[in-house]
Amino acid sequence: MKNIEKNKQRENKELDQKIKLRAKPKYKGFFAVLFIIVALTHILDGYVTDAPAALQSAIVNEFYVNGMGMSFADGLSQYSLIATAFIILAIFATLFKAQSDRYGRKPILLISIIGMTVGMFILFVAKGLTWHIIGRAIIAFFVATDVQVVYVLECAPQKKRATWYAGTKFIAIFGVVFISLARGANTINGVLQWRNVFTIPLIAGIALVILAIIFMRETDTFLDGRIETLKTPNDKRITTKKKNKSKSAAKIPTAFRYIFRNKQPRSIIITSIFSFMAVMAFFGYYESIMTTSGMSTENVTKAIFAFPFTGAFITLIAGWISDKIGRKKGAVIYGVIAVVSLIAFVALAKADANAYIVGLAFGFAIGGYWTFGDTLGISLAESSPTEIRSSVIAASGLIQVVSAAVSAIFIAVMLKYVDLGLLCSIYGGVVVTIATIIFIINVKETKDFDLEEVNFSKEA
């Protein structure tokens with residue numbers, strides 16, 4: 001009885017707090033500030049995600065070629081297998097992300113930003129491979145949460161969700177430009193001092209935490225759902241949970257049941273499995289593809305500087321296209337751009353083309369690939385009930401991580417025997433083409449779905 005009474009008192013206190021937060025008027029310029037903070041979070045996320053790949057050859061040379069006497073191909077293969085463990089680690093991140101359905105979007109976002117910052121600090125100070133791996137593992141965990149995506153989807157106007165999301169990603173993709181600038185500033189006599197590339201974003205991460213604490217507020221969608229839950233008597237909650245065939249509307253098992261019992265989210269998940277099988281082919285080796293194709297450190301830096309511009313262009317128009325012609329037609333466009341551009345990127349790098357042209361081609365490839373994946377994510381979010389939306393996205397992440405890990409192992413092993421550029425272009429092109437076809441055939445259009453009307457009993 002004491003525990004029941006304490007739980008009731010705790011929930012009443014939480015209810016009062018949530019009601020006050022919901023009633024508190026938004027300050028002037030709130031949405032502009034929200035947009036900026038989400039964009040900055042995307043920039044930090046993109047920087048710490050991209051940096052290891054953009055510094056790959058220098059890291060492999062230091063720890064494996066010079067440190068262990070391995071060939072570059074063998075060292076890259078071993079480093080890639082370790083990176084596969086980082087992908088698997090993201091499974092636990094999706095479980096952590098699901099807690100935002102219980103505790104709110106803001107606290108999970110803050111913890112994620114802090115985690116990314118700590119990971120960068122370790123990479124900056126670590127001198128040995130062990131601590132380097134620990135730093136990368138911490139980053140891999142927290143970049144996988146992507147709580148800022150939920151913020152955008154829940155705060156943006158219904159008709160402009162994709163536009164808002166694309167807008168934040170458009171700004172964020174220029175974070176990679178900062179990587180190229182940092183590479184250039186820290187390349188001395190053709191040798192890249194790769195640790196120093198993390199100096200400025202480390203400071204920026206600390207500043208972003210402070211900004212988020214001061215200016216971010218919880219989303220109205222979460223507050224409304226949590227208030228409704230807390231106002232509902234326990235007996236009615238139990239009845240509702242049984243009706244929804246779930247012990248908790250915010251748990252991963254519930255999300256899995258919803259996904260596999262409904263054709264729409266199930267089809268999107270199948271599409272995303274094939275899409276994420278290509279993540280390492282598109283994203284994991286671009287710097288090493290250029291290096292092994294004979295491009296100098298300076299030219300690789302130029303290409304890395306160039307690719308965010310075309311990537312940002314694709315990201316910017318993607319939201320507008322998706323909101324205008326729909327998610328399905330947009331996905332076809334992005335998928336075709338991704339496949340054609342990846343092949344062009346590899347061919348241009350091997351042909352010793354102008355470094356900026358090589359970079360622009362890769363920008364189209366990665367921009368098309370990520371916007372294709374983002375379209376899947378938006379469609380899944382729009383096909384999920386509010387009370388488990390974050391958990392459905394988290395469950396999707398679990399499945400995507402497994403598919404990405406399996407394919408990453410395959411590529412890591414094969415790159416010892418097959419030309420890296422050829423392997424990535426053919427493999428990546430095939431699986432994204434399959435994903436695009438599945439999406440066209442099996443997924444319903446979602447751009448006009450009302451997020452508040454999607455529920456457990458309604459086939460999404």
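Positions are given from 1 along the sequence.
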Step by step, would you call V358 with M295 a side chain to side chain contact (heavy atoms under 4.5 Å, CB included)?
CA-CA 10 Å; V358 174; M295 294 177 63; 4.3 Å; yes
If we ignore hydrogens and angles and just use 3.5 Å, is the side chain of [X] paired with the main-chain N or O of [Y] as donor and acceptor?
X    : Y    : value
E218 : L223 : no
T271 : S267 : yes
Q56  : G284 : yes
K328 : K444 : no
N262 : Y258 : yes
T199 : N196 : yes
T310 : L360 : yes
K106 : I213 : yes
S272 : I269 : yes

So T187 and Q193, side chain to side chain contact (heavy atoms under 4.5 Å, CB included) or not? Walk me through it.
CA-CA 6 Å; T187 298; Q193 308 297 317; over 6 Å; no
Drop me the distance from [X]'s [atom1] to [Y]'s [atom2], to the nearest 0.5 angstrom.
X    : Y    : atom1 : atom2 : answer
Y356 : K302 : OH    : NZ    : 5.0 Å
T49  : F283 : OG1   : CZ    : 6.0 Å
M68  : D74  : CE    : CG    : 12.0 Å
T375 : I268 : OG1   : CD1   : 10.5 Å
S57  : L192 : OG    : CG    : 7.5 Å

Evaluate the ring planes of [X] and [Y], with Trp represented by its six-membered ring, and classify them as parallel (under 30°), tilted (30 to 60°) or perpendicular (over 60°).
X    : Y    : result
W370 : F276 : perpendicular
F260 : F256 : parallel
F439 : F372 : perpendicular
F96  : F141 : tilted

Note, [X] side chain near [Y] side chain (heavy atom, < 4.5 Å):
X    : Y    : result
L181 : F178 : yes
M120 : L44  : yes
V143 : Y47  : no
S341 : Y369 : no
L123 : I139 : yes
I304 : M290 : yes
I434 : M277 : no
L342 : V432 : no

Less than 6.0 angstrom separating the ring centers of [X] and [Y], yes or no?
X    : Y    : value
F309 : F305 : yes
F124 : F198 : no
F364 : F307 : no

Are S80 and Y285 close enough, and set up right, to give a side chain to side chain donor-acceptor pair (under 3.5 Å), and what steps lead you there?
CA-CA 9 Å; S80 299; Y285 298 99; 2.9 Å; yes
Smallest separation among heavy atoms of [X] and [Y], with atom names:
X    : Y    : answer
V279 : A404 : CG1-CB, 3.7 Å
I314 : G368 : CG2-N, 3.8 Å
K263 : N442 : CE-O, 4.1 Å
Y427 : S407 : OH-CB, 2.9 Å
H132 : Y79  : NE2-OH, 2.9 Å

When you look at [atom1] of [X], are more than 12 heavy atoms from neighbouring residues, nucleotides or ligands closer to it than 6.0 Å?
X    : atom1 : result
I200 : CD1   : no
N66  : CG    : yes
F63  : CZ    : yes

Would you please test D45 and M116 for side chain to side chain contact (heavy atoms under 4.5 Å, CB included) and show each step?
CA-CA 8 Å; D45 185 301; M116 287 186 280; 4.2 Å; yes
Between E298 and R183, is there a side-chain N and carboxylate O pair less than 4.0 Å apart?
no
Take S288 and L76, measure what side chain to side chain contact (heavy atoms under 4.5 Å, CB included) needs, and give me the verdict at the end.
CA-CA 9 Å; S288 289; L76 179 59; 4.0 Å; yes
If you apply the rule salt bridge (charged side-chain N to carboxylate O under 4.0 Å, His left out), what do you find for R327 with E382, and how did you get there?
CA-CA 11 Å; R327 314 308 187 216; E382 292 173 334; 2.5 Å; yes
Does one side chain, of T41 or Q148, offer a donor that lies under 3.5 Å from an acceptor on the other?
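No pair is found: no donor N or O on one side chain lies under 3.5 Å from an acceptor on the other.
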